[in-house]
Amino acid sequence: MNSLMQSPDLLVVDDVRKTFQSSQSWLHRLTGQVPPRAMALDGVSFHIPRGTTFGLVGESGCGKSTLARIIAGLMQPDSGSVSLLQADGRRPRMQMIFQDPFSSLNSRWRIDRIIAEPIHAHRLRSGKAVRQRVDELLEHVGLSPADATKYPHEFSGGQRQRISIARALAGEPTFLICDEPTSALDVSVQAQILNLLKDLQAEFDLTYLFITHNLSVVRVMAHQIGVMYLGQLIEVAEQNALFDQPAHPYAEMLLKAVPDLDVEARDLHPIPGEVPSLLALPTGCRFQNRCPWMQARCAETQPPMSRAGNSSVRCFIPRNALAS
Ligand SMILES: Nc1ncnc2c1ncn2[C@@H]1O[C@H](COP(=O)(O)OP(=O)(O)OP(=O)(O)O)[C@@H](O)[C@H]1O
Ligand SMILES: [Mg+2]
């Protein structure tokens, strides 16, 4: 794992910010005031070495999918940049796999057409070679060439996710964004899809951004993990460092709330305290109102991302520094 982490970066995300206009209420209409903007992403920076997986975890609404959409180029950030770099002469290309394998496949298209779409879009092959490639991709994801003439409704959730993966691979990506790719699936099917993604990563030297709110999933999948809270990364560390010695109080509380990660797939458990609104974020640390170790300066100044032990963390009093 360590040697992989020394590979050159394939993706660099630098200081990405994104706000959304909140909807106009009767009060705004009455007073003519402009409604406030919700701060969905606030200065997100990280990089992913080639051939590795960066796992992104965080509670619902913290900005994971917004970040994924910006990285995929489906949405513009207000500021900041995303760079997909070249690896070994391969053209930098990204593809995305979504959570819901039911709505992400066009139900009126046959499987061969669905999988061939990126091949045509990128003009990767033509004529008979397209169908050959589709058959090959179906086999790569554990389906059969005979499935090419079927329609999405003829498949189970897990099989549909395999089709989504085949379609993503058809675009010959170097980088794959997986936004909760298994959270709609049964636990046993989940494991098969995760294994498939791992095998494909090794076989095709793929780099992944893997979004989940499941700690067991991120533990088996990710080399590095970024923990998000209210539009910010609050801790980034290699997988074992985060699980052995989390540095941010929020990360520590999330991990402690899950007593045994190995028993079965575990979702994030709620931790005490209210999550502030993105429309009215506190000055200082965003976690201050839920933090048992809050001090006066935490309310005054926002902690910058800084190094503590084997983590990068936004906290003045990181937990892992106390232990040593
Ligand atoms: N197009 C949009 N317009 C306005 N607000 C948006 C838009 N997209 C996202 N948001 C808001 O931005 C915040 C982050 O949403 P996002 O979907 O990125 O969260 P998430 O971490 O992916 O959550 P989940 O785990 O539920 O998928 C939320 O408050 C959401 O309501
Ligand atoms: Mg999401």
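Start at 1 and go down the list; that is how both ligands and their atoms are numbered.
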- Task: Kindly indicate whether atom 31 (O) of ligand 1 is approached by any protein heavy atom to under 4.0 angstrom.
- Result: no
- Note on the structure: So CG of Leu169 and OG of Ser164: to nearest 0.5 Å the spacing works out to 11.0 Å
- What protein heavy atom is closest to atom 28 (C) of ligand 1, reported as residue, atom name and distance in Å? Gly61 O, 3.8 Å
- Item | Nearest non-hydrogen protein atom, atom 26 (O) of ligand 1 | Ser60 OG, 2.4 Å
- Within a distance under 4.0 Å of any heavy atom of Ala40, pick out the atoms of ligand 1 and give their elements. 12 (O)
- Between Arg69 and ligand 1, find which residue part has any heavy-atom pair under 4.0 Å and reply side chain, backbone, both or neither. side chain
- Task: Run the salt-bridge test on Asp205 and Arg50 with the 4.0 Å N-O cut-off and return the result as yes or no.
- Result: yes
- Task: Could you find the nearest protein heavy atom to atom 25 (O) of ligand 1 and give me its residue, atom name and distance?
- Result: Lys64 NZ, 2.8 Å
- Between the side chains of Arg93 and Thr174, does any donor sit under 3.5 Å from an acceptor? no
- Task: Answer yes or no: does an N/O atom from Gly63 fall short of 3.5 Å to an N/O atom of ligand 1?
- Result: yes
- Should Ala38 be listed as contacting ligand 1, given a heavy-atom distance under 4.0 Å as the test? no
- Query: With a 4.0 Å cut-off, would you call Arg125 and Glu136 a salt bridge?
  - Reply: no
- Exam field: side chain Lys198 to backbone Val220, donor-acceptor pair closer than 3.5 Å: yes
- Mark the output for Gln21 as yes if a heavy-atom distance to ligand 1 is under 4.0 Å, and as no if none is. no
- Would you confirm whether Thr182, through its side chain, and Leu185, through its main-chain N or O, come within 3.5 Å as a donor-acceptor pair? no
- Identity and separation of the nearest protein heavy atom to atom 29 (O) of ligand 1: Leu278 CD1, 3.2 Å
- Query: Would you say Gln161's side chain and Phe98's backbone share a donor-acceptor pair under 3.5 angstrom?
  - Reply: yes
- Query: Of all the heavy atoms in Cys62, does at least one lie under 4.0 Å from an atom in ligand 1?
  - Reply: yes
- Message: Taking 2.8 Å as the cut-off, does Ser60 contribute an N, O or S atom near the Mg ion (ligand 2), distance below it?
- Response: no
- Item | N or O pair under 3.5 Å between Thr66 and ligand 1 | yes
- Message: Does the plane of the ring in Phe54 sit parallel, tilted or perpendicular to the ring in Phe46? Use 30° and 60° as the thresholds.
- Response: parallel
- Please check if the side chain of Gln99 supplies one atom and the backbone of Glu180 the other of a donor-acceptor pair under 3.5 Å. no
- Tyr250 vs His248 aromatic rings, parallel, tilted or perpendicular, using cut-offs 30° and 60°? perpendicular
- Note on the structure: Atoms of ligand 1 under 4.0 Å from any heavy atom of Ser65, numbered from 1 in the order shown, are 17 (O), 18 (O), 20 (P), 22 (O), 27 (O)
- Note on the structure: atom 3 (N) of ligand 1: closest protein heavy atom, distance to 0.1 Å, is Phe20 CD2, 3.4 Å
